[in-house]
Amino acid sequence: MSIDISTVERTAELSKLYLSEDEKKEFAGQLSDILEYVEKINTLDTSGVQPTDHIIPNVNVFREDEVGQSLTHDELKLNAPEFDRGHFVVPKIIE
Amino acid sequence: MITSKTVVQLADLLTKKEISAVEIANAYIDRINTHDKKINAYITFNPEKLLIEASQSDKRRATGSELSQYDGIPVAIKDNICTKGMKTSCGSRILGDYTPPYDATVIAKLKEKGMTILGKLNMDEFAMGSTTETSCYGPVKNPHNLNHVPGGSSGGSAAAVAAHLAPAALGSDTGGSIRQPASFCGVTGMKPTYGRVSRFGLVAFASSLDQIGPLARTIDDATLLTSIISGKDTKDSTSVAPDNAIPETITCRDLKTVRIGVPEEYFEGVSDDTKHALSKKINELDAAGAQIVPISLKMTEFAVPTYYLIATAEASSNLARYDGVKYGARSKVAQNLDELYKLSRSEGFGQEVKRRIILGTYSLSSGYYDAYYLKALKARTCIINDFKKAFESVDIIAAPVVPSTAFRLGENLSNPLEMYMSDILTISANLAAIPSISIPIAKDAKGLPIGMQLMGPHFDEKSVFEIGKTIEKDITPLIADFM
């Protein structure tokens, strides 16, 4: 499986990443090598094998629906890039 | 020398009042200030805070109200484990200013025992790497040879313990990130069973594989720390409460009762020095009465593809949270929301992280999901079954940790695939969720440490530690002479 520049661009868009032209070229080559190597997995016969979705047999871990202590606005504000009166601020999204 | 004592020895000296917590803190402050310039193990180190906490500990002990016999012993922490009020960067620019408003459960558990946080340790960015060279804080050096890497991603943790810049440390292991650096730096590193230790407050990389564990100078210290940090946690629904809790202290296991499996696949492509050291050790165990059983783990060749598909898929999803909105770095030049996401992420993440996000996104994207991600989940089942079958006839599996000793700095930076393939011997334990330890056993011709890996069945850490302790008994500690 070889990855071309346009596939890298499309995947970068899905990943919300900007890549420079050099990065696109470098990633296309490296990802092609990696995918070629992981293709090996298709030589393994997995017919009838269940996928491992959960590694431990816990099912439906419930807890009581009780009001607990969570972080305060003041604590959240400390790490927020921009915070105003209890809200995270982002650039305008509706014209 | 205070800094050459183990955690168990420090506890003994504190209990006998032959030493104070402030003296321990000062000894480490001196040593870190003098020597960490060469190693670069620490990202965050706050001597003032440490001394305040140490003196509080001494006051508790003076009034007989110490929280445990370990009250006042400092432990250093990998920088992807959240520490309240202390920067937790993950070795990444995007979290460069992040100070968690809460403690990870493992940190809360250390503090319940009165243990103090010595500092935060360097690591590969978001734990993605095998050399600690992808950190935005610069590479860590191997204390056994400063031209070599300490391994990764818990390279700062391994180097700090090896260079006696910390009595012990916590790391995290997603594909070998505790055991591989432990092996490269000549210390003991334990990855517990998945679910044994709460992941609450561990910055997520690949949630079905990540596990926190200790790096220490002895098996006794590793056992003690694993015991302290383990247990079911309501804040991590994947943590479990097995019947067999890990005791704080253990004894040696009589090898005459032990069947040790040696998988042939784990010796393919392994360097001569490492192979020789392992064979010699296995022969000694044979002579000591252990039953050595040649076994085959046929799925080993599929471990690297399976791991890199699952780990990158989970990472691409976990790292979607870094969007420059709620916490983490925000780009200053974005004009709209989409640009804000993309610029913040592109400026904040390093190359290896971007590479893995793109690989993971690709394998999860429409049209490729079945061929890659779903296939990998099925291969994971095969790998789990491979180990289940092996543990029907053996009590423990012994193998090398890494195919070679520590790489030279810069050696593998330009070839990610080469680097991924060097994880082949450690990642199966993560995929199968079993406990696995790395114990230092020898040095190669260049003086670089070689580790031995012991893998046990699910939740049988006790056997891993007890058999490990028996093996450790006959080994001279590998001293790092970096000064």
Side-chain angles (χ1 to χ4, degrees), chain A residues 1 3 7-8 10-20 23 26-27 30-31 33-58 60-64 68 70-72 74-76 78-83 88-93, chain B residues 97-102 194-195 208 234 237-238 240 299 301-302 304-306 308-309 316 320 323-330 334-343 345-346 349 351 354-355 357-359 361-362 365 371-372 374-382 384 416-417 420-421 433:
Chain A
M1 189 74 185
I3 287 205
T7 310
V8 172
R10 192 176 64 90
T11 314
E13 173 63 31
L14 290 171
S15 312
K16 296 282 178 214
L17 287 170
Y18 282 131
L19 298 180
S20 68
E23 281 177 322
E26 190 189 335
F27 281 5
Q30 288 171 341
L31 295 177
D33 288 349
I34 294 166
L35 285 173
E36 192 185 329
Y37 175 74
V38 302
E39 279 298 326
K40 181 193 243 184
I41 202 169
N42 286 315
T43 63
L44 176 65
D45 180 10
T46 53
S47 45
V49 176
Q50 289 298 312
T52 296
D53 290 319
H54 293 287
I55 193 71
I56 45 167
N58 281 358
N60 295 345
V61 179
F62 293 123
R63 63 168 170 79
E64 290 307 313
S70 52
L71 298 174
T72 63
D74 282 343
E75 285 171 314
L76 290 174
L78 290 174
N79 282 299
E82 208 181 332
F83 199 80
F88 295 106
V89 179
V90 294
K92 197 159 100 175
I93 50 171
Chain B
D97 292 319
Y98 178 64
T99 302
Y102 64 96
Y194 182 85
S208 80
T234 50
S237 61
T238 62
V240 286
M299 293 300 142
E301 62 170 313
F302 301 108
V304 173
T306 305
Y308 275 94
L309 287 168
S316 73
D323 57 5
V325 174
K326 297 183 288 300
Y327 55 89
R330 170 184 286 197
Q335 301 293 320
N336 58 50
L337 191 62
D338 195 52
E339 259 185 40
L340 178 82
Y341 295 151
K342 287 179 183 161
L343 284 169
R345 290 164 65 76
S346 304
F349 291 139
Q351 289 300 99
K354 287 180 192 168
R355 185 155 43 235
I357 289 174
I358 292 198
L359 182 60
T361 305
Y362 178 79
S365 61
Y372 290 118
L374 188 63
K375 183 75 184 181
L377 293 183
K378 289 178 180 172
R380 186 173 188 178
T381 307
C382 298
I384 293 168
L417 181 58
Y420 297 172
M421 284 161 72

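Keep in mind that what you see is a predicted model, and the values were worked out from it rather than measured. Letters go in sequence order (proteins before strands), and every chain restarts at 1.
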Exercise. Around atom CG of B:D97, are there more than 12 heavy atoms of other residues, nucleotides or ligands at under 6.0 Å?
Worked result: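 No, CG of B:D97 has 12 or fewer neighbouring heavy atoms, counting only those of other groups under 6.0 Å.
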Which bit of [X] is near chain B, if near means a heavy-atom gap under 4.5 Å: side chain, backbone, both or neither?
X: A:Y18; answer: both
X: A:S20; answer: neither
X: A:I34; answer: both

Which atom names give the shortest non-hydrogen contact between [X] and [Y], and what distance separates them?
X: A:T46; Y: B:K375; result: OG1-NZ, 2.9 Å
X: A:L17; Y: B:K342; result: N-CG, 4.1 Å
X: B:T361; Y: A:S15; result: OG1-OG, 3.0 Å
X: A:D33; Y: B:L417; result: O-CD2, 3.7 Å
X: B:G328; Y: A:P81; result: O-CG, 3.5 Å

Problem set entry | Criterion side-chain contact (heavy atoms from CB on, under 4.5 Å) on A:I55 and B:I384, from CA distance to verdict | CA-CA 9 Å; A:I55 193 71; B:I384 293 168; 3.6 Å; yes
Exercise. How many angstroms lie between NZ in B:K354 and CZ in A:F27, if you round to the nearest 0.5 Å?
Worked result: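 Reported to 0.5 Å precision, the distance equals 6.5 Å.
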Exercise. Just how far is it from atom OG of B:S237 to atom CD1 of A:I56, taken to the nearest 0.5 Å?
Worked result: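 CD1 of A:I56 is found 8.0 Å from OG of B:S237.
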Option that, when pairs with chain B are counted at under 4.5 Å, heavy atom only, ranks first among [options]:
options: A:D53, A:T7, A:V89, A:L78; value: A:V89
options: A:L14, A:V8, A:T52, A:V38; value: A:T52
options: A:R63, A:Q30, A:E82; value: A:Q30
options: A:K16, A:E13, A:E26; value: A:K16

For this session: Evaluate the criterion side-chain contact (heavy atoms from CB on, under 4.5 Å) for residue pair A:Q50 and B:L377; output intermediate values, then yes/no.
Result: CA-CA 8 Å; A:Q50 289 298 312; B:L377 293 183; over 6 Å; no
Which bit of [X] comes within less than 4.5 Å of chain A, counting heavy atoms only: side chain, backbone, both or neither?
X: B:Q335; result: backbone
X: B:L337; result: both
X: B:A329; result: neither

[X] versus [Y]: any side-chain heavy-atom pair under 4.5 Å?
X: B:R355; Y: A:L31; value: yes
X: A:L44; Y: B:K378; value: no
X: B:I358; Y: A:L19; value: yes
X: B:P101; Y: A:N79; value: yes

For this session: Applying side-chain contact (heavy atoms from CB on, under 4.5 Å), run through A:V90 and B:R330 and close with a yes or a no.
Result: CA-CA 10 Å; A:V90 294; B:R330 170 184 286 197; 4.1 Å; yes
Exercise. Are A:T11 and B:S365 close enough, and set up right, to give a side-chain contact (heavy atoms from CB on, under 4.5 Å), and what steps lead you there?
Worked result: CA-CA 8 Å; A:T11 314; B:S365 61; 5.7 Å; no
Exercise. With respect to chain A, which residue among B:Y327, B:F302, B:Y308 yields the maximal number of heavy-atom pairs within a distance under 4.5 Å?
Worked result: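 Top count of heavy-atom pairs under 4.5 Å with chain A: B:F302.
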Exercise. Among B:L374, B:V304, B:T234, which residue forms the greatest number of heavy-atom pairs with chain A at distances under 4.5 Å?
Worked result: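 Of the candidates given, the most pairs with chain A belong to B:V304.
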